[in-house]
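Please read all numbers here as calculations on a predicted model, not as lab measurements. Proteins get letters first, then strands, A, B, ... in listed order; numbering begins at 1 in each.
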Amino acid sequence: MPKRYWLLKSEPAVFGIDRLAAEPGARSAWTGVRNYQARNFMRDDMRIGDRAFFYHSSCARPGIAGIVEVTREAFPDPTQFDPSSEYFDPGASVERPRWLCVEVRLVRKTRPIGLEELRTHPELAGMGVLRRGNRLSIQPVDAAEWRFLCERLAAAEPA
DNA sequence: GCCAACGTTGGC
DNA sequence: GCCAACGTTGGC
């Protein structure tokens, strides 16, 4: 099974890339996803070893901030059971969980790649995050788009 | 704050 | 099951 690529959105005011970096082992459960399409991507398609861009949304400079790797496949999102969590779902139970999360590990922070930069590359025109009105917080990324962006990053960050 | 997009809810 | 109203996302 070939590795897949993703884009994971997070609001830096809620959980930014530096928060992930500060977690033990730079790992964290990716909780709080409350959209069925995004949940199904995690449940059906996300596998250990898949890689994703960590994307900052709803902030002054939205864009890619780093690269993460999936380290645990989908399991029940514990925040749905926690009445004190803003992600609490009274319709979910431990016996019948509704929402899932995966665990990710920060591979590395990257230089910020803003939306405006992403838009300058015709190679990336198909990316969901560039579509206006896009709201999906977990999006698949084509292998060609992934490769293109990694090459751009490598060019800007000579070893 | 505005507004486009679009998912969810609820009356029928 | 339809669909209008409503709520949320997210860039600007």
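Salt-bridge formation is not detected for the pair Arg61(A)/Glu116(A): no Lys NZ or Arg NE/NH1/NH2 atom is positioned less than 4.0 Å from an Asp or Glu carboxylate oxygen.
Separating the CG atom of Leu130(A) from the P atom of dG11(C) is a distance of 11 Å, rounded to the nearest angstrom. Rounded to whole angstrom, the span from the CZ atom of Arg61(A) across to the P atom of dG10(C) amounts to 19 Å. Rounded to whole angstrom, the span from the OH atom of Tyr55(A) across to the P atom of dT9(C) amounts to 15 Å. With rounding to whole Å, Gln37(A) atom CD is found 17 Å from dA5(B) atom P. As rounded to whole Å, 22 Å separates atom P of dC6(B) from atom CZ of Arg34(A). Counting to the nearest Å, the P atom of dC12(C) and the CG atom of Asn134(A) are 11 Å from each other. For Lys9(A) and dG10(C), the NZ to C1' distance is 7 Å, given to the nearest whole Å. His56(A) has its NE2 atom 17 Å from the C1' atom of dT9(C), to the nearest Å.
Of the listed nucleotides (dC6(B), dG11(C), dG10(C)), dC6(B) has the atom at the smallest distance from the side chain of Arg135(A). Listed nucleotides: dA4(B), dG10(C), dC12(C). Nearest to the side chain of Arg132(A): dA4(B).
In this structure, Arg119(A) reaches the sugar-phosphate backbone alone: every heavy-atom distance under 4.0 Å involves primed, P, OP1 or OP2 atoms, never a base.
Within the 4.5 Å cutoff, no side-chain heavy atoms of Ser137(A) are placed close to those of Tyr55(A).
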Exercise for the section: Apply salt bridge (Lys or Arg N to Asp or Glu O under 4.0 Å) to the pair Asp77(A) and Arg98(A), showing each step before the final yes or no. Expected result: CA-CA 8 Å; Asp77(A) 178 345; Arg98(A) 180 175 293 168; over 6 Å; no
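Screening Trp6(A), Tyr5(A), Trp146(A) for a ring-ring contact (aromatic ring centres under 6.0 Å, His included) with Phe53(A), the sole residue that qualifies is Trp146(A).
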